[in-house]
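Note sheet for the following structure.
Position 1 is the first residue of the sequence, and the numbers go up from there. Indexing begins at 1, ligand by ligand and atom by atom, following the structure's order.
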Amino acid sequence: MAAPWEDVLRNEPAIQEAASVAVDAALLEGVLMRTEGEPNASDVVNYAPFTLLPSAVPSVLFEQAYAVQQDFNLLVDAISQNREFLEHTLASHAGKVTHKLWVLEDWSALARELCWIYLRLLPCAGATITDCGPHNLTIKVDDFTARLFRIHMQVLEEGLAQSVFLGINRSDYMFDCGVDGTPALKQIEINTIAASFGGLTSRTAAVHGRVLKVLGKSKEASRLLPNNPSIGLALGIAKAWELYGSQSAVVMFLVEEVQRNIFDQRCVENELWNRNIRVIRKRFRDVFEKGSLDDAKRLYMDGQEVAVVYYREGYVPTNYDQQNWEARLLLERSRAVKCPDIATQLAGTKKVQQELSRPGTLERLLPGRAEAVARIRATFAGLYSLDMGEEGDKIAATAIADPDRFVLKPQREGGGNNLYGEELRQVLEKIRDSPERTSYILMDKIKPQPAINYLLRAHSPLQASECISELGIFGVYVRQGKEMVMNKAAGHLLRTKAIEHADGGVAAGVAVLDTPYLV
Ligand code: ADP
Ligand code: MG
């Protein structure tokens, strides 16, 4: 997997010069981020962190990742439509929120919730009323998944107003180095909401091409692949907008309060404006204050009809206060195409990922698609349930005895939540006999072969680091009723980080943008 520029890696003057060219090229190409100090203004911007050099990626694994993307699109879409599967898989999480409700101060909400629980959740979960007994009241539970799940159920009970569905996801992989040294493509996770960097990543190949030329590697520079996921993402949004069927309706980007990564989003916005589709940017707070539904559940913002809601927000608990949850519910109840709808967001949870690895599950979700199932399964690492019972007891004991073989994952997105090594052991030991463990899953730890690179970050010294990379493939699909009208792989993202960081993405300040160099 060695890249053909090993000879220059330790040539300090050449690397110094290449780094200053690289930073200017990044600024010129628009590999930009707002600063931490001024996250909501573009007066001062900086380059988004990136590697000095591209990273070697085995072409066979790169092609394998592209080849399975349409299958993953179908799978995510199938899960989102499979109420039973989502209920069964997430019931342990959804059921648990009910325990917390006993401490709610809003008694009318409590009454509503309780009716709801008894009528819906417990029978589905195969649970009994005793599950709500006082012994569970203080359990630290996964409120977040549960709240999403409750909105999902509420919207289903009312009847879906939405008839066009748009999925934009990113399936992430690492290259696991087997005992014989052969790398294998292993999925880390699939992101079904707010999958980012489809814009900025389209600009890194030009930067890395320039760096390679400066280092005397023109032939290698010419081999870097063009890549522009933001076009594919925008095509999906445009198709959904068109099928929604109102020329005057807009696309709404649902954005965070803190918007450092705005340029990445602007790349997609620009593609939409180029197609004469109006884009507005709003926060949950704006939706709470100014959003409304008419009798046909059409969504209006400030009097403007919204055809598509593209979430770049809403995937972590801190994105929500009570008003924001109400705004989310309003959006989900609407006719507008949500990208993703709440069921699709739930399809991207770690718990669902783990359940997919059980024998027979993929076959049930994708009947008659044996080849797709085989392609998908080939990318799975070992995933293990920590549900209460013998299976969970056994794997918990194995992980406590050998924590370096595993990663312990809660139902969270956005990086920095997983537990490794000694911390994994301590946490698991503490919760091994408590139902709290069911809000985590265990996964085999992927062990890629590290390579030397330089991570360029504003105000950081230039130094060689041992790095590992994570490849993401963007998927886009549109479904109208039961008919899939678009199903594509839309481009890729390579992120690289120093090996001393077990976890964390670009936004979390750990990984940096990269470009694959196929070997
Ligand atoms: P998140 O939703 O927070 O992004 P991920 O499952 O992607 O959660 O994990 C975050 C990071 O942790 C990944 O980008 C990767 O660097 C690391 N990681 C996750 N799972 C594994 C694994 N099984 N083996 C090795 N590293 C992993
Ligand atoms: Mg991730």
Side-chain angles (χ1 to χ4, degrees), residues 49 51 55 65 72 76 142 144-145 148 168-178 183-198 201 261 311-319 340 345-354 356-357 379-384 386 395 399 402-421 423-424 439-451 455 465-475 492-514:
T51 54
S55 291
F72 270 118
V76 170
D142 191 359
F144 181 61
T145 312
L148 293 172
I168 292 181
N169 62 56
R170 201 189 65 223
S171 182
D172 290 337
Y173 307 90
M174 279 183 172
F175 314 116
D176 194 27
C177 204
L185 187 77
K186 290 294 161 201
Q187 186 183 49
I188 295 293
E189 62 157 347
I190 188 156
N191 302 280
T192 59
I193 181 167
S196 57
F197 293 107
T201 191
N261 200 19
Y311 288 95
R312 293 296 295 253
E313 148 85 325
Y315 53 92
V316 286
T318 50
N319 292 157
Q345 179 174 355
L346 289 167
T349 51
K350 311 276 191 284
K351 184 65 191 166
V352 165
Q353 182 186 6
Q354 171 259 301
L356 292 177
S357 73
T379 68
F380 284 175
L383 289 146
Y384 312 94
L386 283 167
I395 195 70
D402 193 0
D404 284 333
R405 256 184 62 199
F406 300 94
V407 180
L408 182 63
K409 298 189 173 191
Q411 307 305 307
R412 289 292 173 272
E413 302 296 323
N417 302 300
N418 300 336
L419 300 167
Y420 304 81
E423 203 182 355
L424 178 159
S439 61
Y440 293 85
I441 63 152
L442 274 168
M443 183 174 182
D444 281 343
K445 190 169 171 187
I446 310 301
K447 296 179 174 155
Q449 178 73 44
L455 307 183
S465 307
E466 273 201 277
C467 297
I468 53 175
S469 300
E470 186 169 342
L471 174 71
I473 307 292
F474 286 94
H492 55 267
L493 165 72
L494 192 72
R495 292 171 298 165
T496 291
K497 63 181 185 181
I499 50 169
E500 51 268 28
H501 296 287
D503 207 314
V506 179
V510 172
V512 307
L513 300 171
D514 197 349

Q: Check whether any N or O atom of Glu189, backbone or side chain, sits under 3.5 Å from an N or O atom of ligand 1, and answer yes or no.
A: yes

Q: Look only at interatomic distance and state if Gly416 has a nitrogen or oxygen under 3.5 Å from any nitrogen or oxygen of ligand 1.
A: no

**Q.** For the Mg ion (ligand 2), the closest N/O/S atom belonging to Glu189
**A.** OE2

Q) For ligand 1, is any non-hydrogen atom under 4.0 Å from Glu413's backbone (N, CA, C, O), its side chain (CB onward), both, or neither? A) both

Q) With backbone taken as N, CA, C and O and side chain as the heavy atoms from C-beta onward, which portion of Met174 lies under 4.0 Å from ligand 1: side chain, backbone, both, or neither? A) side chain

Could you establish whether [X] and ligand 1 come within less than 4.0 Å of each other, counting only heavy atoms on the residue side?
{"X": "Lys350", "answer": "yes"}
{"X": "Asp172", "answer": "no"}
{"X": "Tyr420", "answer": "yes"}
{"X": "Lys497", "answer": "yes"}

Q | Per-atom contacts, ligand 1 versus Arg412 - under 4.0 Å to a heavy atom | A | 2 (O)

Q) Just which atoms of ligand 1 are under 4.0 Å from any heavy atom in Gly414? A) 1 (P), 2 (O), 3 (O)

Q: Starting at CD1 of Ile441, measure out to CD of Gln354 and round the result to the nearest 0.5 Å.
A: 6.0 Å

Q. Rounded to the nearest 0.5 Å, what separation is found between the CD1 atom of Ile188 and the CG atom of Leu471?
A. 11.0 Å

**Q.** Minimal non-hydrogen separation, Tyr315 against Phe144, with atom names
**A.** O-CE2, 3.5 Å

Q) Hey, what's the ring geometry for Tyr384 with Phe406, parallel, tilted or perpendicular (30° and 60° as the breaks)? A) perpendicular

Q | Non-hydrogen side-chain atoms of Asn191 and Asn169 separated by less than 4.5 Å | A | no

Q: Using the salt bridge (Lys or Arg N to Asp or Glu O under 4.0 Å) rule, take Lys351 and Asp142 through it: C-alpha gap first, then chi angles, then the decisive distance, then the call.
A: CA-CA 12 Å; Lys351 184 65 191 166; Asp142 191 359; over 6 Å; no

